[in-house]
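A short worksheet on the structure shown next.
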Protein chains: 2
Amino acid sequence: MSSYKDKKVITIGIISELTGLSERKIRYYEERKLIFPERTKGGTRKYSFDDVERLVDIANKMEDGMQTFDIRRMEQKKLSKKELRERMLRGQLNAAFNMRK
Amino acid sequence: MSSYKDKKVITIGIISELTGLSERKIRYYEERKLIFPERTKGGTRKYSFDDVERLVDIANKMEDGMQTFDIRRMEQKKLSKKELRERMLRGQLNAAFNMRK
DNA sequence: CGTGTAAGGAATTCTGACACG
DNA sequence: CGTGTAAGGAATTCTGACACG
């Protein structure tokens with residue numbers, strides 16, 4: 001789906017206003033691999049509304065004393081869980097398939 | 001609803017890419033009261049995804065040989081129709097209300 | 001009327017670094 | 001580690017005007 005939420009079209013100044021975070025913080029979270037803006041030909045960063053939500057989420061975790069390292073690992077765990085779910089599903093499908101033959 | 005669609009957060013360069021229209025055209029359509037971007041403190045224009053759709057619509061009408069003046073009048077007619085519908089609805093409600101007393 | 005363009009200036013963003021802690 | 005800041009430069013945008021038609 002080409003939703004508006006994940007279209008990278010917002011520059012950092014406006015992102016800063018929307019999230020309340022300084023541009024410095026936003027660029028730093030990118031450096032720590034927590035956020036992945038696109039770039040214009042000229043090199044200007046472009047973010048999506050999804051990124052706004054992600055940044056607010058990051059900000060909350062930082063307030064809770066979490067380090068960028070922890071947050072990144074947490075993101076990966078989420079991915080792992082998702083993968084796990086997919087694998088379980090695939091496993092069930094395979095089992096059902098195998099029963100047929 | 002605070003939808004993403006009507007949040008004015010996109011600068012003119014990206015709007016130009018999304019719509020395929022030159023910045024000159026986009027600014028001109030604003031001058032002709034067809035589009036209404038917001039501004040940053042510094043004066044930079046900010047548009048929404050809704051504006052993107054509106055601009056594409058305008059571009060189509062211009063291609064059909066319509067003039068900005070016609071398009072603006074057309075917009076107003078749409079509003080009038082909407083108002084008309086609301087008025088009719090209100091009229092029916094009033095009629096129903098009057099029957100009760 | 002609608003749009004391209006060159007012009008000069010202002011606002012916005014970028015990177016790398018130093019600072020504090 | 002996370003973030004502020006001053007620095008210099010580059011990309012982006014702005015306005016008013018001239019041009020063509």
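Values in this document were obtained by computation on a predicted structure and should not be read as measured data. Throughout, a chain's letter reflects where its sequence line sits, starting with A, and its residues are numbered from 1.
- Residue B/Tyr28 places no side-chain N or O under 4.0 Å from the OP1 or OP2 atom of C/dG4.
- Shown for residues 67-75 of chain A: residues whose heavy atoms fall under 4.0 angstrom of DNA chain D, namely A/Gln67, A/Thr68.
- Partners of A/Glu17 according to the side chain to side chain donor-acceptor pair (under 3.5 Å) rule, which considers only residues two or more places apart in sequence or in another chain, are B/Lys41.
- Not counting sequence neighbours, the partners of B/Lys8 by the salt bridge (Lys or Arg N to Asp or Glu O under 4.0 Å) test are B/Asp51.
- Residues passing the ring pair (Phe, Tyr, Trp, His ring centres under 6.0 Å) test with A/Phe49, sequence neighbours excluded: B/Tyr4.
- Annotation: side chain to side chain contact (heavy atoms under 4.5 Å, CB included) contacts of A/Arg27 (sequence neighbours excluded): A/Ile12, A/Glu23, A/Arg45.
- Shown here are the side chain to side chain contact (heavy atoms under 4.5 Å, CB included) partners of B/Asp50, two or more places apart in sequence or in another chain: B/Lys5, B/Asp6, B/Ser48, B/Glu53, B/Arg54.
- B/Thr68 pairs by the side chain to side chain contact (heavy atoms under 4.5 Å, CB included) definition with B/Tyr28, B/Tyr29, B/Arg32, B/Leu34, B/Met62, not counting sequence neighbours.
- Rounded to whole angstrom, the span from the CE atom of B/Met62 across to the P atom of C/dG4 amounts to 11 Å.
- Checked against side chain to side chain donor-acceptor pair (under 3.5 Å), A/Lys25 has no partners two or more places apart in sequence or in another chain.
- B/Glu30 and B/Arg39 are joined by a salt bridge, as a carboxylate oxygen and a charged side-chain nitrogen come within less than 4.0 angstrom of each other.
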message: How would you summarise protein contacts on nucleotides 12-18 of chain D per nucleotide, using B for base, S for sugar-phosphate only and - for none, with heavy-atom distances below 4.0 Å?
response: SSSB---
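- With sequence neighbours left out, the side chain to side chain donor-acceptor pair (under 3.5 Å) criterion links A/Lys61 to A/Asp57.
- Judged as a side chain to side chain donor-acceptor pair (under 3.5 Å), and not counting sequence neighbours, A/Glu75 has no contacts.
- As a whole-Å value, the separation of A/Glu31 CD from D/dG4 P is 14 Å.
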field: Nucleotide-level pairing of DNA chain C, given in dot-bracket where Watson-Crick and G-U pairs need both distances under 3.5 Å and | marks other strands
entry: .||||.||.|.|.||.||||.
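- In this structure, the nucleotide among D/dG2, C/dG4, C/dG2 sitting nearest to the side chain of B/Lys25 is C/dG4.
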